[in-house]
Amino acid sequence: NGHTKCEELLLKHPKINVNHVNNSGETALMYASEYDRAQCVEMLLKNPNINVNHADEKGITALIIASIWGKTECVELLLKHPKINVNHANNKYGWTALMYASNKGHPECVELLLKHPQINVNHADDDGYTALIHASKDDDYTDIVKALLKHPKINVNLVNKYGNTALIIASDNGHTQCVELLLKHPN
């Protein structure tokens, strides 16, 4: 399409700043990730000057944006970049891409993130919530709970600042499937 050709022309220009930031602190990579422009993401990531971990004033990165909106193809491309910080946490709550994908109900993104060798599956936000605790709040997220429980480093017994584990959260919300899954976990 016309956009892709324009993007190619722009990226070939020797003076193009691929990390240009708008007034909100967002880059082209962030926009491309939000609007599921996988071809553009791929082209931007090939540029040796790209800052794949640029964060806006809220601490949001392209990977977090793609994870929030469930842009699976963009998440996959971003995770392949050798400099990606898969565990970057935003400024406001301390949430990572895995936490957002788990909280927003994007199982495909969760699966991709969990495959990254540097993922911290037990990262806790400012209130002590982990991706597993977030996913346990909603019975519609059983696939996400299953995926998280398969990770070899998952700690199902982490406690948030309110004294709750994923099991307590799932029980409190009446999420029978999540409770069953959590009770079957060997830890």
Side-chain angles (χ1 to χ4, degrees), residues 25-26 30 33-34 52-72 74-187:
E26 298 160 327
M30 295 166 86
S33 298
E34 181 175 356
V52 69
N53 297 308
H54 170 80
D56 67 13
E57 71 273 359
K58 297 174 193 160
I60 302 291
T61 63
L63 181 60
I64 288 175
I65 289 171
S67 298
I68 288 170
W69 296 106
K71 307 303 183 187
T72 308
C74 293
V75 168
E76 187 171 19
L77 289 168
L78 290 161
L79 288 172
K80 289 178 183 176
H81 194 279
K83 293 183 181 176
I84 193 72
N85 178 355
V86 69
N87 297 309
H88 173 84
N90 73 4
N91 300 341
K92 190 168 184 181
Y93 305 110
W95 285 28
T96 63
L98 180 61
M99 296 171 97
Y100 276 109
S102 297
N103 183 268
K104 299 288 185 180
H106 302 301
E108 297 87 6
C109 293
V110 170
E111 293 273 0
L112 289 169
L113 290 158
L114 288 171
K115 289 178 185 173
H116 195 278
Q118 295 172 343
I119 193 72
N120 178 358
V121 68
N122 297 309
H123 172 85
D125 67 17
D126 297 345
D127 290 327
Y129 284 79
T130 63
L132 182 61
I133 292 174
H134 281 295
S136 297
K137 291 190 281 184
D138 195 318
D139 218 22
D140 290 336
Y141 296 173
T142 306
D143 289 344
I144 293 172
V145 172
K146 283 180 188 175
L148 291 164
L149 290 174
K150 287 179 187 173
H151 195 278
K153 294 184 180 177
I154 191 73
N155 182 345
V156 298
N157 297 309
L158 290 176
V159 179
N160 67 16
K161 79 176 193 177
Y162 307 104
N164 298 317
T165 63
L167 182 59
I168 292 170
I169 296 288
S171 299
D172 216 29
N173 288 296
H175 302 309
T176 309
Q177 288 180 322
C178 288
V179 169
E180 289 172 351
L181 289 168
L182 289 161
L183 288 173
K184 287 179 185 174
H185 195 272
N187 296 330

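Model, not experiment: these values are computed from the prediction. Side chains included, hydrogens not; waters and symmetry mates left out as well; all remaining heavy atoms used.
In this view, Tyr141 satisfies the ring pair (Phe, Tyr, Trp, His ring centres under 6.0 Å) rule with no residue, not counting sequence neighbours.
The CG atom of Asn160 lies 9.0 Å from the NE2 atom of His134; values are rounded to the nearest 0.5 Å. Within the model, atoms CD1 of Ile60 and CE of Met30 stand 7.5 Å from one another, a figure rounded to the nearest 0.5 Å. Separating the SG atom in Cys178 from the CD1 atom in Ile169 is a distance of 11.5 Å, to the nearest 0.5 Å. Separating the NZ atom in Lys80 from the CD atom in Glu76 is a distance of 4.5 Å, to the nearest 0.5 Å.
In this structure, Ala66 and Cys109 approach most closely via the heavy-atom pair O-SG, 4.4 Å. Counting all heavy atoms, side chain and backbone alike, Ile64 lies closest to Gly59 at CD1-O, 4.0 Å. Heavy-atom minimum distance, Val110 versus Ala147: CG1-CB, 4.3 Å. Closest approach of His123 to Ala89, counting heavy atoms only: NE2-CB, 3.9 Å. The two residues Ser102 and Leu148 have their closest heavy-atom pair at OG-CD1, 4.0 Å. Between Ala166 and Leu132, the shortest heavy-atom distance links the atoms CB-CG, 3.8 Å.
At least one donor-acceptor pair under 3.5 Å links the side chain of His106 to the backbone N or O of Ile68. A donor-acceptor pair is defined here as one N or O able to donate and one able to accept, closer than 3.5 Å; no such pair exists between the side chain of Asn187 and the backbone of Asn157.
More than 12 heavy atoms of other residues, nucleotides or ligands sit less than 6.0 Å from atom NZ of Lys137.
Inter-residue side-chain proximity for Leu149 and Leu181 is flagged as met; some heavy-atom pair is nearer than 4.5 Å. Between Ile84 and His116, some side-chain heavy-atom pair lies under the 4.5 Å cut-off. Asp139 places none of its side-chain heavy atoms less than 4.5 Å from the side chain of Asn173. Considering only heavy atoms from C-beta on, Leu98 comes within 4.5 Å of Leu114 through its side chain. The side-chain heavy atoms of His151 and Ile119, taken from C-beta on, include a pair separated by under 4.5 Å. Between His88 and Asn53, the closest side-chain pair of non-hydrogen atoms is not below 4.5 Å.
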Original post:
Would Val159 and Asn164 satisfy side chain to side chain contact (heavy atoms under 4.5 Å, CB included), going step by step from the backbone distance to the final call?
Top reply: CA-CA 5 Å; Val159 179; Asn164 298 317; 5.8 Å; no

Original post:
Please walk me through it: do Asp127 and Tyr93 pass side chain to side chain contact (heavy atoms under 4.5 Å, CB included)?
Top reply: CA-CA 8 Å; Asp127 290 327; Tyr93 305 110; 5.7 Å; no

**OP:** Verify side chain to side chain contact (heavy atoms under 4.5 Å, CB included) between Thr165 and Val156, making sure each step is shown before the conclusion.
**Re:** CA-CA 7 Å; Thr165 63; Val156 298; over 6 Å; no

Subject >> Test side chain to side chain contact (heavy atoms under 4.5 Å, CB included) applied to Leu63 and Leu113, step by step >> reply: CA-CA 10 Å; Leu63 181 60; Leu113 290 158; 4.2 Å; yes

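Between the side chains of Asn90 and Tyr100, a donor-acceptor pair is found at a separation under 3.5 Å. One side chain, Trp95 or Asp125, offers a donor N or O that lies under 3.5 Å from an acceptor on the other.
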